[in-house]
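Accompanying notes for the structure given below.
Here is the naming used below: chain letters follow the sequence lines, and residue numbers restart at 1 for every chain. In what follows, every heavy atom counts, from backbone to side chain, and hydrogens, waters and symmetry copies are set aside.
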Protein chains: 2
Amino acid sequence: MSDSPEDTIVAAVLDAVAEQRLPAGAKLGEQALSDLFECNRANVRRALASLAAQHVVELRPNRGAFVITPSPKEARDIFQARRALEHTIARHAAGQAKKADITYLRRNIAEETQARRAGDKPAELRLSRQFHMSLAGIAGNKVLERFLSELTMRTTLILGLYATAGGSHCAEDEHDRIVDALEAGDADELARLTDEHLHHLEAGLSFKTPKPVGSNLRDQLLGPVATNM
Amino acid sequence: MSDSPEDTIVAAVLDAVAEQRLPAGAKLGEQALSDLFECNRANVRRALASLAAQHVVELRPNRGAFVITPSPKEARDIFQARRALEHTIARHAAGQAKKADITYLRRNIAEETQARRAGDKPAELRLSRQFHMSLAGIAGNKVLERFLSELTMRTTLILGLYATAGGSHCAEDEHDRIVDALEAGDADELARLTDEHLHHLEAGLSFKTPKPVGSNLRDQLLGPVATNM
DNA sequence: TCATCAATGATTGTTAACAATTTATGTTAA
DNA sequence: TTAACATAAATTGTTAACAATCATTGATGA
(Lines give C-alpha, C1' and ligand atoms only; values in the text may rest on other atoms or scores of the structure.)
Protein backbone atom coordinates (compact mmCIF):
# COMPACT_ATOMS: atom_id res chain seq x y z
CA MET A 1 0.00 0.00 0.00
CA SER A 2 3.06 2.18 0.05
CA ASP A 3 3.28 4.46 -2.96
CA SER A 4 6.14 6.52 -4.12
CA PRO A 5 7.24 9.19 -1.64
CA GLU A 6 5.85 11.82 -3.95
CA ASP A 7 2.36 10.33 -3.86
CA THR A 8 2.57 9.87 -0.12
CA ILE A 9 3.30 13.53 0.40
CA VAL A 10 0.59 14.66 -1.98
CA ALA A 11 -1.96 12.42 -0.28
CA ALA A 12 -0.93 13.59 3.18
CA VAL A 13 -1.23 17.26 2.27
CA LEU A 14 -4.60 16.73 0.61
CA ASP A 15 -5.89 14.83 3.64
CA ALA A 16 -4.69 17.57 5.94
CA VAL A 17 -6.38 20.24 3.86
CA ALA A 18 -9.59 18.20 3.65
CA GLU A 19 -9.73 18.10 7.44
CA GLN A 20 -8.72 21.72 7.85
CA ARG A 21 -5.62 20.81 9.79
CA LEU A 22 -3.64 22.74 7.22
CA PRO A 23 -5.23 26.18 6.98
CA ALA A 24 -5.07 28.51 4.03
CA GLY A 25 -1.73 30.26 3.87
CA ALA A 26 0.21 27.59 5.73
CA LYS A 27 3.76 27.23 4.59
CA LEU A 28 5.05 23.90 3.37
CA GLY A 29 8.81 24.05 3.80
CA GLU A 30 10.88 21.67 1.76
CA GLN A 31 13.11 20.56 4.58
CA ALA A 32 10.20 20.11 6.96
CA LEU A 33 8.52 17.81 4.48
CA SER A 34 11.62 15.89 3.56
CA ASP A 35 12.29 15.33 7.27
CA LEU A 36 8.71 14.26 7.94
CA PHE A 37 8.49 11.79 5.10
CA GLU A 38 12.12 10.73 5.17
CA CYS A 39 12.97 11.41 1.59
CA ASN A 40 15.14 13.83 -0.30
CA ARG A 41 14.13 17.26 -1.37
CA ALA A 42 13.77 16.27 -5.02
CA ASN A 43 10.71 14.19 -4.19
CA VAL A 44 9.30 16.97 -2.06
CA ARG A 45 9.63 19.40 -4.91
CA ARG A 46 7.88 17.11 -7.34
CA ALA A 47 5.07 16.66 -4.85
CA LEU A 48 4.76 20.41 -4.44
CA ALA A 49 4.71 20.86 -8.21
CA SER A 50 1.82 18.42 -8.44
CA LEU A 51 -0.07 20.18 -5.67
CA ALA A 52 0.55 23.49 -7.39
CA ALA A 53 -0.84 22.12 -10.64
CA GLN A 54 -3.99 21.20 -8.71
CA HIS A 55 -4.17 24.74 -7.36
CA VAL A 56 -4.07 23.52 -3.78
CA VAL A 57 -0.74 25.12 -3.07
CA GLU A 58 0.89 28.16 -4.55
CA LEU A 59 4.57 28.28 -5.47
CA ARG A 60 6.13 31.67 -4.83
CA PRO A 61 9.60 31.87 -6.35
CA ASN A 62 12.38 31.97 -3.79
CA ARG A 63 9.76 31.98 -1.07
CA GLY A 64 8.44 28.46 -0.97
CA ALA A 65 5.12 26.66 -1.15
CA PHE A 66 1.98 27.85 0.61
CA VAL A 67 -1.54 26.54 0.87
CA ILE A 68 -3.66 28.80 -1.32
CA THR A 69 -6.06 31.33 0.16
CA PRO A 70 -9.00 31.59 -2.23
CA SER A 71 -10.29 35.09 -2.89
CA PRO A 72 -14.00 35.87 -2.83
CA LYS A 73 -14.02 35.94 -6.63
CA GLU A 74 -12.32 32.55 -6.75
CA ALA A 75 -14.84 31.24 -4.26
CA ARG A 76 -17.68 32.31 -6.54
CA ASP A 77 -16.00 30.71 -9.56
CA ILE A 78 -15.48 27.50 -7.66
CA PHE A 79 -19.08 27.23 -6.57
CA GLN A 80 -20.27 28.00 -10.06
CA ALA A 81 -18.02 25.27 -11.45
CA ARG A 82 -19.16 22.86 -8.77
CA ARG A 83 -22.76 23.42 -9.73
CA ALA A 84 -21.94 22.68 -13.36
CA LEU A 85 -20.07 19.51 -12.49
CA GLU A 86 -22.36 18.18 -9.79
CA HIS A 87 -25.44 18.89 -11.84
CA THR A 88 -24.13 16.56 -14.52
CA ILE A 89 -22.90 14.09 -11.94
CA ALA A 90 -26.34 14.01 -10.35
CA ARG A 91 -28.05 13.32 -13.65
CA HIS A 92 -25.75 10.46 -14.47
CA ALA A 93 -25.67 9.01 -10.96
CA ALA A 94 -29.46 8.85 -10.86
CA GLY A 95 -29.53 6.08 -13.41
CA GLN A 96 -26.94 3.77 -12.01
CA ALA A 97 -26.94 3.79 -8.23
CA LYS A 98 -26.87 0.27 -6.81
CA LYS A 99 -28.30 -0.83 -3.52
CA ALA A 100 -24.84 -0.97 -1.99
CA ASP A 101 -24.27 2.63 -2.99
CA ILE A 102 -27.41 3.77 -1.21
CA THR A 103 -26.56 1.97 2.03
CA TYR A 104 -23.05 3.33 1.87
CA LEU A 105 -24.32 6.87 1.47
CA ARG A 106 -26.84 6.47 4.31
CA ARG A 107 -24.09 5.23 6.57
CA ASN A 108 -21.91 8.13 5.50
CA ILE A 109 -24.64 10.59 6.43
CA ALA A 110 -25.12 8.94 9.80
CA GLU A 111 -21.44 9.23 10.57
CA GLU A 112 -21.40 12.83 9.47
CA THR A 113 -24.33 13.68 11.73
CA GLN A 114 -22.63 11.93 14.60
CA ALA A 115 -19.39 13.81 13.98
CA ARG A 116 -21.28 17.11 13.91
CA ARG A 117 -23.01 16.34 17.21
CA ALA A 118 -19.74 15.28 18.75
CA GLY A 119 -18.21 18.55 17.63
CA ASP A 120 -15.60 16.74 15.57
CA LYS A 121 -15.20 19.26 12.80
CA PRO A 122 -12.35 17.54 10.93
CA ALA A 123 -14.37 14.34 10.66
CA GLU A 124 -17.47 16.26 9.66
CA LEU A 125 -15.65 18.03 6.87
CA ARG A 126 -14.00 14.87 5.66
CA LEU A 127 -17.29 12.97 5.61
CA SER A 128 -19.19 15.74 3.91
CA ARG A 129 -16.59 15.87 1.19
CA GLN A 130 -16.66 12.10 0.95
CA PHE A 131 -20.41 12.24 0.36
CA HIS A 132 -20.05 14.42 -2.68
CA MET A 133 -17.14 12.38 -3.98
CA SER A 134 -19.10 9.17 -3.57
CA LEU A 135 -21.83 10.56 -5.79
CA ALA A 136 -19.19 11.40 -8.35
CA GLY A 137 -17.90 7.86 -8.11
CA ILE A 138 -21.37 6.48 -8.77
CA ALA A 139 -21.70 8.65 -11.86
CA GLY A 140 -18.62 6.87 -13.14
CA ASN A 141 -16.86 9.68 -14.95
CA LYS A 142 -13.21 9.86 -13.87
CA VAL A 143 -12.71 13.31 -15.33
CA LEU A 144 -15.62 14.85 -13.47
CA GLU A 145 -14.51 12.98 -10.37
CA ARG A 146 -11.02 14.43 -10.46
CA PHE A 147 -12.22 17.98 -11.15
CA LEU A 148 -14.70 17.77 -8.32
CA SER A 149 -12.02 16.39 -6.02
CA GLU A 150 -9.99 19.51 -6.63
CA LEU A 151 -12.94 21.81 -6.12
CA THR A 152 -14.14 20.19 -2.91
CA MET A 153 -10.63 20.52 -1.59
CA ARG A 154 -10.62 24.20 -2.34
CA THR A 155 -14.13 24.50 -0.94
CA THR A 156 -12.83 23.26 2.40
CA LEU A 157 -10.31 26.11 2.38
CA ILE A 158 -13.07 28.54 1.46
CA LEU A 159 -15.21 27.34 4.36
CA GLY A 160 -12.25 27.78 6.66
CA LEU A 161 -11.91 31.37 5.56
CA TYR A 162 -15.44 32.61 5.02
CA ALA A 163 -17.91 30.27 6.74
CA THR A 164 -20.34 31.90 9.13
CA ALA A 165 -21.53 30.27 12.33
CA GLY A 166 -24.89 29.02 11.09
CA GLY A 167 -24.01 28.53 7.48
CA SER A 168 -21.98 25.39 7.42
CA HIS A 169 -24.53 23.05 8.94
CA CYS A 170 -27.66 24.18 7.23
CA ALA A 171 -27.04 21.13 5.12
CA GLU A 172 -28.49 19.09 7.97
CA ASP A 173 -31.00 16.96 6.10
CA GLU A 174 -30.17 17.97 2.54
CA HIS A 175 -27.82 15.07 2.05
CA ASP A 176 -30.63 12.82 3.22
CA ARG A 177 -33.06 14.15 0.67
CA ILE A 178 -30.43 13.82 -2.03
CA VAL A 179 -30.09 10.12 -1.29
CA ASP A 180 -33.88 9.82 -1.34
CA ALA A 181 -33.98 11.21 -4.85
CA LEU A 182 -31.07 9.02 -5.87
CA GLU A 183 -32.80 5.94 -4.55
CA ALA A 184 -35.99 6.88 -6.35
CA GLY A 185 -34.00 7.35 -9.55
CA ASP A 186 -35.47 10.82 -9.98
CA ALA A 187 -32.76 12.55 -12.01
CA ASP A 188 -34.54 15.91 -12.23
CA GLU A 189 -35.18 16.10 -8.51
CA LEU A 190 -31.67 14.94 -7.72
CA ALA A 191 -30.15 17.61 -9.93
CA ARG A 192 -32.43 20.25 -8.44
CA LEU A 193 -31.59 19.29 -4.86
CA THR A 194 -27.88 19.26 -5.62
CA ASP A 195 -28.04 22.73 -7.11
CA GLU A 196 -30.01 23.96 -4.14
CA HIS A 197 -27.62 22.36 -1.70
CA LEU A 198 -24.64 24.11 -3.25
CA HIS A 199 -26.49 27.43 -3.33
CA HIS A 200 -27.20 27.06 0.37
CA LEU A 201 -23.58 26.28 1.09
CA GLU A 202 -22.46 29.35 -0.81
CA ALA A 203 -25.12 31.51 0.83
CA GLY A 204 -23.61 30.60 4.18
CA LEU A 205 -20.42 32.45 3.37
CA SER A 206 -19.52 35.95 4.41
CA PHE A 207 -16.74 37.85 2.71
CA LYS A 208 -16.99 40.82 4.99
CA THR A 209 -15.09 39.38 7.90
CA PRO A 210 -12.10 37.66 6.41
CA LYS A 211 -10.57 35.42 8.99
CA PRO A 212 -6.98 36.45 8.55
CA VAL A 213 -4.37 34.13 7.32
CA GLY A 214 -1.17 34.60 9.09
CA SER A 215 2.07 33.08 10.11
CA ASN A 216 0.27 30.71 12.39
CA LEU A 217 1.22 32.34 15.64
CA ARG A 218 -0.24 35.78 15.37
CA ASP A 219 -3.87 34.88 14.80
CA GLN A 220 -3.68 32.16 17.37
CA LEU A 221 -2.43 34.64 19.97
CA LEU A 222 -3.96 37.93 18.99
CA GLY A 223 -7.10 36.78 17.24
CA PRO A 224 -8.50 37.94 13.92
CA VAL A 225 -7.08 41.11 12.50
CA ALA A 226 -7.85 42.03 8.94
CA THR A 227 -4.53 41.90 7.17
CA ASN A 228 -5.23 40.80 3.63
CA MET A 229 -6.75 43.31 1.28
CA MET B 1 7.84 37.78 -21.99
CA SER B 2 10.30 35.12 -20.94
CA ASP B 3 8.98 32.98 -18.14
CA SER B 4 10.80 30.47 -16.06
CA PRO B 5 12.23 27.57 -18.05
CA GLU B 6 9.63 25.31 -16.52
CA ASP B 7 6.76 27.41 -17.83
CA THR B 8 8.43 27.70 -21.21
CA ILE B 9 8.62 23.93 -21.55
CA VAL B 10 5.04 23.41 -20.39
CA ALA B 11 3.77 26.01 -22.85
CA ALA B 12 5.79 24.56 -25.71
CA VAL B 13 4.51 21.04 -25.10
CA LEU B 14 0.93 22.24 -24.81
CA ASP B 15 1.24 24.23 -28.02
CA ALA B 16 2.67 21.24 -29.82
CA VAL B 17 -0.14 19.01 -28.61
CA ALA B 18 -2.75 21.61 -29.53
CA GLU B 19 -1.45 21.60 -33.10
CA GLN B 20 -1.03 17.84 -33.22
CA ARG B 21 2.66 18.08 -33.83
CA LEU B 22 3.15 15.92 -30.79
CA PRO B 23 0.97 12.85 -31.29
CA ALA B 24 -0.40 10.63 -28.58
CA GLY B 25 2.26 8.29 -27.26
CA ALA B 26 5.19 10.50 -28.16
CA LYS B 27 8.08 10.25 -25.76
CA LEU B 28 9.40 13.31 -24.03
CA GLY B 29 12.95 12.48 -23.05
CA GLU B 30 14.51 14.51 -20.29
CA GLN B 31 17.79 15.08 -22.03
CA ALA B 32 16.13 15.96 -25.30
CA LEU B 33 14.08 18.63 -23.55
CA SER B 34 16.92 19.98 -21.45
CA ASP B 35 19.00 20.28 -24.62
CA LEU B 36 16.19 21.94 -26.55
CA PHE B 37 15.39 24.52 -23.91
CA GLU B 38 18.91 24.90 -22.58
CA CYS B 39 18.22 24.19 -18.98
CA ASN B 40 19.07 21.50 -16.50
CA ARG B 41 17.11 18.34 -16.01
CA ALA B 42 15.59 19.51 -12.73
CA ASN B 43 13.50 22.09 -14.56
CA VAL B 44 12.50 19.55 -17.17
CA ARG B 45 11.29 17.19 -14.50
CA ARG B 46 9.21 19.85 -12.80
CA ALA B 47 7.67 20.72 -16.14
CA LEU B 48 6.86 17.08 -16.78
CA ALA B 49 5.33 16.78 -13.32
CA SER B 50 3.04 19.72 -14.10
CA LEU B 51 2.05 18.24 -17.43
CA ALA B 52 1.36 14.93 -15.73
CA ALA B 53 -0.87 16.66 -13.19
CA GLN B 54 -2.83 18.08 -16.12
CA HIS B 55 -3.14 14.59 -17.57
CA VAL B 56 -1.51 15.63 -20.80
CA VAL B 57 1.50 13.43 -20.28
CA GLU B 58 1.86 10.19 -18.41
CA LEU B 59 4.85 9.42 -16.21
CA ARG B 60 5.89 5.79 -16.35
CA PRO B 61 8.44 5.00 -13.64
CA ASN B 62 11.90 4.29 -14.98
CA ARG B 63 10.56 4.69 -18.50
CA GLY B 64 10.03 8.39 -18.93
CA ALA B 65 7.26 10.77 -19.92
CA PHE B 66 4.85 10.11 -22.77
CA VAL B 67 1.98 12.04 -24.28
CA ILE B 68 -1.17 10.28 -23.12
CA THR B 69 -3.28 8.19 -25.47
CA PRO B 70 -6.89 8.55 -24.36
CA SER B 71 -8.93 5.37 -24.35
CA PRO B 72 -12.46 5.30 -25.84
CA LYS B 73 -13.89 5.38 -22.32
CA GLU B 74 -11.77 8.40 -21.44
CA ALA B 75 -12.89 10.05 -24.66
CA ARG B 76 -16.52 9.61 -23.65
CA ASP B 77 -15.82 10.98 -20.17
CA ILE B 78 -14.05 13.96 -21.61
CA PHE B 79 -16.87 14.87 -23.96
CA GLN B 80 -19.40 14.45 -21.18
CA ALA B 81 -17.37 16.76 -18.98
CA ARG B 82 -16.96 19.25 -21.80
CA ARG B 83 -20.71 19.41 -22.28
CA ALA B 84 -21.17 20.10 -18.58
CA LEU B 85 -18.55 22.84 -18.57
CA GLU B 86 -19.38 24.47 -21.87
CA HIS B 87 -23.09 24.43 -21.15
CA THR B 88 -22.47 26.56 -18.08
CA ILE B 89 -19.92 28.67 -19.93
CA ALA B 90 -22.44 29.34 -22.69
CA ARG B 91 -25.10 30.45 -20.25
CA HIS B 92 -22.77 32.87 -18.53
CA ALA B 93 -21.13 34.14 -21.69
CA ALA B 94 -24.51 35.00 -23.18
CA GLY B 95 -25.01 37.82 -20.74
CA GLN B 96 -21.70 39.56 -20.99
CA ALA B 97 -20.29 39.42 -24.49
CA LYS B 98 -19.04 42.79 -25.65
CA LYS B 99 -18.92 44.01 -29.21
CA ALA B 100 -15.17 43.46 -29.32
CA ASP B 101 -15.69 39.85 -28.31
CA ILE B 102 -18.08 39.26 -31.18
CA THR B 103 -15.78 40.75 -33.79
CA TYR B 104 -12.87 38.77 -32.37
CA LEU B 105 -14.84 35.54 -32.62
CA ARG B 106 -15.99 36.30 -36.17
CA ARG B 107 -12.43 36.93 -37.20
CA ASN B 108 -11.38 33.70 -35.50
CA ILE B 109 -13.97 31.76 -37.48
CA ALA B 110 -12.84 33.37 -40.72
CA GLU B 111 -9.25 32.36 -40.05
CA GLU B 112 -10.30 28.86 -39.16
CA THR B 113 -12.27 28.49 -42.37
CA GLN B 114 -9.33 29.80 -44.33
CA ALA B 115 -6.96 27.37 -42.62
CA ARG B 116 -9.30 24.48 -43.38
CA ARG B 117 -9.49 25.44 -47.05
CA ALA B 118 -5.74 25.82 -47.22
CA GLY B 119 -5.40 22.37 -45.72
CA ASP B 120 -3.47 23.73 -42.78
CA LYS B 121 -4.61 21.25 -40.16
CA PRO B 122 -2.42 22.50 -37.28
CA ALA B 123 -3.76 26.02 -37.68
CA GLU B 124 -7.30 24.75 -38.00
CA LEU B 125 -7.04 22.76 -34.79
CA ARG B 126 -5.41 25.61 -32.93
CA LEU B 127 -8.05 28.10 -34.05
CA SER B 128 -10.94 25.79 -33.29
CA ARG B 129 -9.60 25.27 -29.80
CA GLN B 130 -9.06 29.00 -29.46
CA PHE B 131 -12.69 29.60 -30.34
CA HIS B 132 -13.93 27.48 -27.46
CA MET B 133 -11.39 28.98 -25.09
CA SER B 134 -12.43 32.50 -26.08
CA LEU B 135 -16.00 31.73 -25.11
CA ALA B 136 -14.71 30.50 -21.77
CA GLY B 137 -12.80 33.72 -21.40
CA ILE B 138 -15.94 35.75 -22.01
CA ALA B 139 -17.80 33.80 -19.35
CA GLY B 140 -15.15 35.02 -16.95
CA ASN B 141 -14.74 31.98 -14.74
CA LYS B 142 -11.07 31.09 -14.37
CA VAL B 143 -11.79 27.67 -12.96
CA LEU B 144 -14.02 26.63 -15.83
CA GLU B 145 -11.51 28.14 -18.21
CA ARG B 146 -8.64 26.08 -16.88
CA PHE B 147 -10.63 22.85 -16.82
CA LEU B 148 -11.79 23.41 -20.36
CA SER B 149 -8.25 24.18 -21.43
CA GLU B 150 -7.19 20.77 -20.23
CA LEU B 151 -10.11 19.03 -21.89
CA THR B 152 -9.72 20.74 -25.25
CA MET B 153 -6.08 19.72 -25.17
CA ARG B 154 -7.02 16.12 -24.61
CA THR B 155 -9.75 16.43 -27.23
CA THR B 156 -7.09 17.28 -29.78
CA LEU B 157 -5.35 14.02 -28.93
CA ILE B 158 -8.64 12.16 -29.20
CA LEU B 159 -9.27 13.63 -32.64
CA GLY B 160 -5.81 12.57 -33.68
CA LEU B 161 -6.57 9.02 -32.65
CA TYR B 162 -10.21 8.48 -33.52
CA ALA B 163 -11.36 11.17 -35.94
CA THR B 164 -12.99 9.94 -39.14
CA ALA B 165 -12.57 11.64 -42.47
CA GLY B 166 -15.86 13.53 -42.53
CA GLY B 167 -16.30 13.98 -38.82
CA SER B 168 -13.89 16.68 -37.90
CA HIS B 169 -15.21 19.41 -40.16
CA CYS B 170 -18.91 18.94 -39.80
CA ALA B 171 -18.57 21.91 -37.51
CA GLU B 172 -18.48 24.05 -40.64
CA ASP B 173 -21.06 26.69 -39.78
CA GLU B 174 -21.83 25.67 -36.19
CA HIS B 175 -19.34 28.11 -34.76
CA ASP B 176 -21.04 30.80 -36.81
CA ARG B 177 -24.45 30.05 -35.40
CA ILE B 178 -23.00 29.99 -31.91
CA VAL B 179 -21.73 33.52 -32.33
CA ASP B 180 -25.13 34.53 -33.70
CA ALA B 181 -26.80 33.31 -30.53
CA LEU B 182 -24.14 34.95 -28.42
CA GLU B 183 -24.63 38.27 -30.17
CA ALA B 184 -28.38 37.98 -29.72
CA GLY B 185 -27.86 37.27 -26.04
CA ASP B 186 -30.00 34.16 -26.31
CA ALA B 187 -28.63 32.01 -23.49
CA ASP B 188 -30.93 29.04 -24.08
CA GLU B 189 -30.17 28.87 -27.76
CA LEU B 190 -26.46 29.32 -27.15
CA ALA B 191 -26.40 26.49 -24.64
CA ARG B 192 -28.39 24.26 -26.96
CA LEU B 193 -26.12 24.92 -29.93
CA THR B 194 -23.04 24.28 -27.84
CA ASP B 195 -24.39 20.95 -26.65
CA GLU B 196 -25.29 20.02 -30.18
CA HIS B 197 -21.90 21.06 -31.48
CA LEU B 198 -20.11 18.83 -28.99
CA HIS B 199 -22.41 15.93 -29.74
CA HIS B 200 -21.61 16.29 -33.43
CA LEU B 201 -17.91 16.34 -32.70
CA GLU B 202 -18.17 13.19 -30.62
CA ALA B 203 -20.36 11.51 -33.22
CA GLY B 204 -17.58 11.98 -35.74
CA LEU B 205 -15.32 9.61 -33.84
CA SER B 206 -14.77 5.98 -34.58
CA PHE B 207 -13.22 3.67 -32.03
CA LYS B 208 -13.13 0.68 -34.32
CA THR B 209 -10.02 1.62 -36.22
CA PRO B 210 -7.55 2.84 -33.65
CA LYS B 211 -4.77 4.64 -35.38
CA PRO B 212 -1.86 3.04 -33.62
CA VAL B 213 0.49 4.96 -31.48
CA GLY B 214 4.08 4.03 -31.81
CA SER B 215 7.59 5.02 -31.00
CA ASN B 216 7.58 7.86 -33.46
CA LEU B 217 9.56 6.15 -36.16
CA ARG B 218 7.66 3.01 -36.71
CA ASP B 219 4.30 4.37 -37.74
CA GLN B 220 5.87 7.06 -39.80
CA LEU B 221 7.85 4.47 -41.72
CA LEU B 222 5.69 1.37 -41.70
CA GLY B 223 2.24 2.88 -41.41
CA PRO B 224 -0.62 1.87 -39.14
CA VAL B 225 -0.33 -1.47 -37.40
CA ALA B 226 -2.72 -2.28 -34.59
CA THR B 227 -0.53 -2.63 -31.53
CA ASN B 228 -2.55 -1.31 -28.61
CA MET B 229 -5.22 -3.58 -27.20
C1' DT C 1 16.69 -20.27 -38.40
C1' DC C 2 15.06 -19.10 -34.15
C1' DA C 3 15.05 -18.40 -29.30
C1' DT C 4 17.53 -17.37 -25.20
C1' DC C 5 20.84 -14.92 -22.82
C1' DA C 6 24.69 -11.71 -21.86
C1' DA C 7 26.84 -7.33 -22.49
C1' DT C 8 26.58 -2.66 -23.83
C1' DG C 9 24.58 1.89 -24.19
C1' DA C 10 21.19 5.10 -23.01
C1' DT C 11 17.84 6.92 -19.84
C1' DT C 12 15.83 7.72 -15.48
C1' DG C 13 16.35 8.18 -10.36
C1' DT C 14 19.00 9.73 -6.30
C1' DT C 15 22.07 12.24 -3.68
C1' DA C 16 24.97 15.81 -2.03
C1' DA C 17 27.39 19.96 -2.40
C1' DC C 18 27.29 24.74 -3.70
C1' DA C 19 25.15 29.35 -5.01
C1' DA C 20 21.58 32.79 -4.61
C1' DT C 21 17.89 34.78 -2.22
C1' DT C 22 15.06 35.77 1.51
C1' DT C 23 14.05 36.18 6.39
C1' DA C 24 15.38 36.97 10.98
C1' DT C 25 18.34 39.05 14.33
C1' DG C 26 21.06 42.52 16.34
C1' DT C 27 23.28 46.94 16.23
C1' DT C 28 23.72 51.82 15.67
C1' DA C 29 22.20 56.47 15.16
C1' DA C 30 18.77 59.99 15.18
C1' DT D 1 11.70 54.54 21.25
C1' DT D 2 11.99 54.09 16.46
C1' DA D 3 14.02 53.63 12.00
C1' DA D 4 17.51 52.27 9.07
C1' DC D 5 21.21 49.38 8.27
C1' DA D 6 24.42 45.44 8.57
C1' DT D 7 25.14 40.81 9.78
C1' DA D 8 23.79 35.96 10.36
C1' DA D 9 20.78 32.12 9.72
C1' DA D 10 17.65 29.61 7.16
C1' DT D 11 15.50 28.46 2.87
C1' DT D 12 15.12 27.90 -1.96
C1' DG D 13 17.45 27.19 -6.55
C1' DT D 14 21.10 25.02 -9.38
C1' DT D 15 24.39 21.88 -10.75
C1' DA D 16 27.00 17.79 -11.31
C1' DA D 17 28.27 13.27 -10.23
C1' DC D 18 26.82 8.68 -9.20
C1' DA D 19 23.52 4.64 -8.92
C1' DA D 20 19.80 1.95 -10.77
C1' DT D 21 16.94 0.57 -14.38
C1' DC D 22 15.55 -0.28 -19.03
C1' DA D 23 16.30 -0.96 -24.17
C1' DT D 24 19.20 -2.46 -27.72
C1' DT D 25 22.53 -5.13 -29.82
C1' DG D 26 25.25 -9.10 -30.59
C1' DA D 27 26.55 -13.71 -29.34
C1' DT D 28 25.67 -18.48 -28.20
C1' DG D 29 23.42 -22.86 -28.60
C1' DA D 30 19.80 -25.79 -29.88
(message) Less than 4.0 angstrom from a charged side-chain N to a carboxylate O is my criterion; do E202(A) and R83(A) meet it?
(response) yes
(message) Tell me the interatomic distance from D7(A), atom CG, to dG13(C), atom P, rounded to whole angstroms.
(response) 13 Å
(message) For I138(B) versus L105(B), what's the shortest heavy-atom pair and its separation?
(response) CD1-CD1, 4.0 Å
(message) At a heavy-atom distance below 4.0 Å, what parts of residues 30-44 of chain A sit against DNA chain C?
(response) N40(A), A42(A)
(message) Does a side-chain N or O of R63(A) approach OP1 or OP2 of dT23(C) to a distance below 4.0 Å, or not?
(response) yes
(request) Answer yes or no: is there a side-chain heavy-atom contact under 4.5 Å between N141(B) and T88(B)? (result) no
(message) Please report the distance, rounded to the nearest Å, between CD in E6(B) and C1' in dT14(D).
(response) 14 Å
(request) Answer yes when E74(A) and K142(B) have at least one side-chain N-carboxylate O distance shorter than 4.0 Å, and no when they do not. (result) no
(request) Look at the side chain of K27(A) and decide which nucleotide, out of dT22(C), dT12(C), dT12(D), has an atom nearest to it. (result) dT12(D)
(request) Would you mind reporting whether L51(B) and L14(B) have side-chain heavy atoms less than 4.5 Å apart? (result) yes
(message) Classify the ring geometry of H175(A) against H132(A): parallel below 30°, tilted from 30° to 60°, perpendicular beyond 60°.
(response) perpendicular
(message) So E86(B) and L148(B), do their side chains get closer than 4.5 Å, heavy atoms only?
(response) yes
(message) Could you check whether R154(A) pairs with E150(A) (Lys NZ or Arg NE/NH1/NH2 to Asp/Glu carboxylate O, under 4.0 Å)?
(response) yes
(request) List in numerical order all residues of residues 46-56 of chain B for which some heavy atom is under 4.0 Å away from an atom belonging to DNA chain D. (result) none
(message) Counting the atoms with a prime plus P, OP1 and OP2 as sugar-phosphate, which does R45(B) contact under 4.0 Å by heavy atoms, base, sugar-phosphate, or nothing?
(response) base
